[in-house]
Amino acid sequence: MTEPPAVAGTEAQHRPAVLDQPAVRRDNFEAFYISEMRAVSVFLMHQGATPYEAADAAHEAIAKLLPDQWRTLEHPRAWLRVTAQRCYWRQNDSRTSPTDPVPDRPGGTCPVAEVVLTDTQQQIMDALHRLSPGRRTVMAWHFDGFDYGEIAEILDMTPAAVRQSICRARKDLISILDLDKGVAHD
């Protein structure tokens, strides 16, 4: 991260560049799977999941998407994230530590190979994990390219509450990442 994120400003300044994504093509599930599997895994990792937990939850959500709902959902990207998030939360409720080592997956399908983080990305991920669960969730949706209105609708919040949560999370992240050196405080 070369400069600290903006803390205040217009909504347009806070919107991620990924909002201009193409519409989901309903005739090509393979392309949807390839593009969304990694994105959903990273989305869940922003909320505290390990790469393995994220991949498991994302695969479970994809399985629920098929075969009937894929062509009929109005917003499959949002549906996939909500469902994967719920799958991940259920994992947390029933997680036990394995006593035997986890075997390698056949065919080179290890989720860690799909989600490789740079040192800076790992620092940001670690900082996100120090946020409150509510702020971490809002930031995960924001990082994944959803605007304030979409986040508000999905999380049953007002757009103003989303904006405020993102602003406070940014301030917390600036402090956690120690990016506020030399900045005057009131």
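All heavy atoms count here, side chains included; hydrogens, waters and symmetry mates do not.
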Note to self: Do Ile166 and Tyr148 have side chains that approach each other closer than 4.5 Å (heavy atoms only, starting at C-beta)?
What the structure shows: yes
Check: CE/Met125 to OG1/Thr120 distance, rounded to the nearest 0.5 angstrom?
Finding: 12.0 Å
Item checked: Rounded distance [0.5 Å steps], CE in Met157 versus OG1 in Thr137 -> 9.5 Å
Next item on the list: Decide yes or no on side chain to side chain contact (heavy atoms under 4.5 Å, CB included) for Cys87 and Arg90, but give the supporting numbers first.
Entry: CA-CA 5 Å; Cys87 292; Arg90 275 194 303 278; 3.4 Å; yes
Note to self: Could you walk me through whether Gln91 and Asp56 satisfy the side chain to side chain contact (heavy atoms under 4.5 Å, CB included) test, starting with their C-alpha distance in whole Å, then the side-chain angles of each, then the deciding distance to 0.1 Å, before giving a yes or no?
What the structure shows: CA-CA 9 Å; Gln91 285 178 3; Asp56 285 346; 3.3 Å; yes
Check: Can you tell if the side chain of Arg130 reaches within under 4.5 Å of the side chain of Leu173, non-hydrogen atoms only?
Finding: no
Next item on the list: Drop me the distance from Leu44's CG to Glu53's CD, to the nearest 0.5 angstrom.
Entry: 9.5 Å
Margin query: Minimum heavy-atom separation for Ser41 and Ala54, please, with both atom names.
Written below: O-CB, 3.4 Å
Next item on the list: Could you tell me whether Asp178 atom CG has more than 12 heavy atoms of other residues or ligands within 6.0 Å of it?
Entry: yes
Next item on the list: Report yes or no: does Thr83 contribute a side-chain atom to a donor-acceptor pair with the main-chain N or O of Trp79 at less than 3.5 Å?
Entry: yes
Notebook entry, point to check: Do Met37 and Ile62 have side chains that get closer than 4.5 Å, going by heavy atoms?
Noted result: yes
Margin query: Is any side-chain heavy atom of Val42 closer than 4.5 Å to one of Phe143?
Written below: no
Margin query: Can you confirm whether Val162 sits close enough to Leu155 that some side-chain heavy atom of one is under 4.5 Å from a side-chain heavy atom of the other?
Written below: no
Check: Is the backbone N or O of Arg77 less than 3.5 Å from a side-chain atom of Arg81, with the two atoms forming a donor-acceptor pair by type?
Finding: yes
Check: Should we count CD of Glu60 as having more than 12 external heavy atoms under 6.0 Å?
Finding: yes
Check: Will you find, in the side chains of Gln123 and Asp119, an N or O donor that is under 3.5 Å from an N or O acceptor?
Finding: no
Check: Quick one: are His59 and Tyr33 in side-chain contact, heavy atoms under 4.5 Å?
Finding: yes
Margin query: Quick check against the 3.5 Å criterion: does Glu150 have a side-chain atom that pairs as donor or acceptor with the backbone of Asp147?
Written below: yes
Checklist line | Gap between atom NE2 of His129 and atom CD1 of Ile124 - 0.5 Å precision | finding: 11.5 Å
Margin query: For Ala140, is there any backbone N or O sitting under 3.5 Å from a side-chain donor or acceptor partner on Gln47?
Written below: no
Check: Run the side chain to side chain contact (heavy atoms under 4.5 Å, CB included) check on Val40 and Asp144 step by step: do they pass?
Finding: CA-CA 8 Å; Val40 172; Asp144 216 39; 5.7 Å; no
Notebook entry, point to check: Can you tell if the side chain of His46 reaches within under 4.5 Å of the side chain of Trp141, non-hydrogen atoms only?
Noted result: no
Checklist line | Glu153 CD to Thr158 OG1 distance, which is reported to the nearest 0.5 Å | finding: 13.0 Å
Check: Would you say the side-chain atoms of Arg135 pair up with the backbone N or O of Ser165, donor to acceptor, closer than 3.5 Å?
Finding: no
Margin query: Rounded at 0.5 Å granularity, tell me how far CD1 in Ile151 sits from CG in Asp156.
Written below: 14.0 Å
Next item on the list: Give the minimum heavy-atom separation between Ala84 and Ala61, together with the two atoms involved.
Entry: N-CB, 3.6 Å
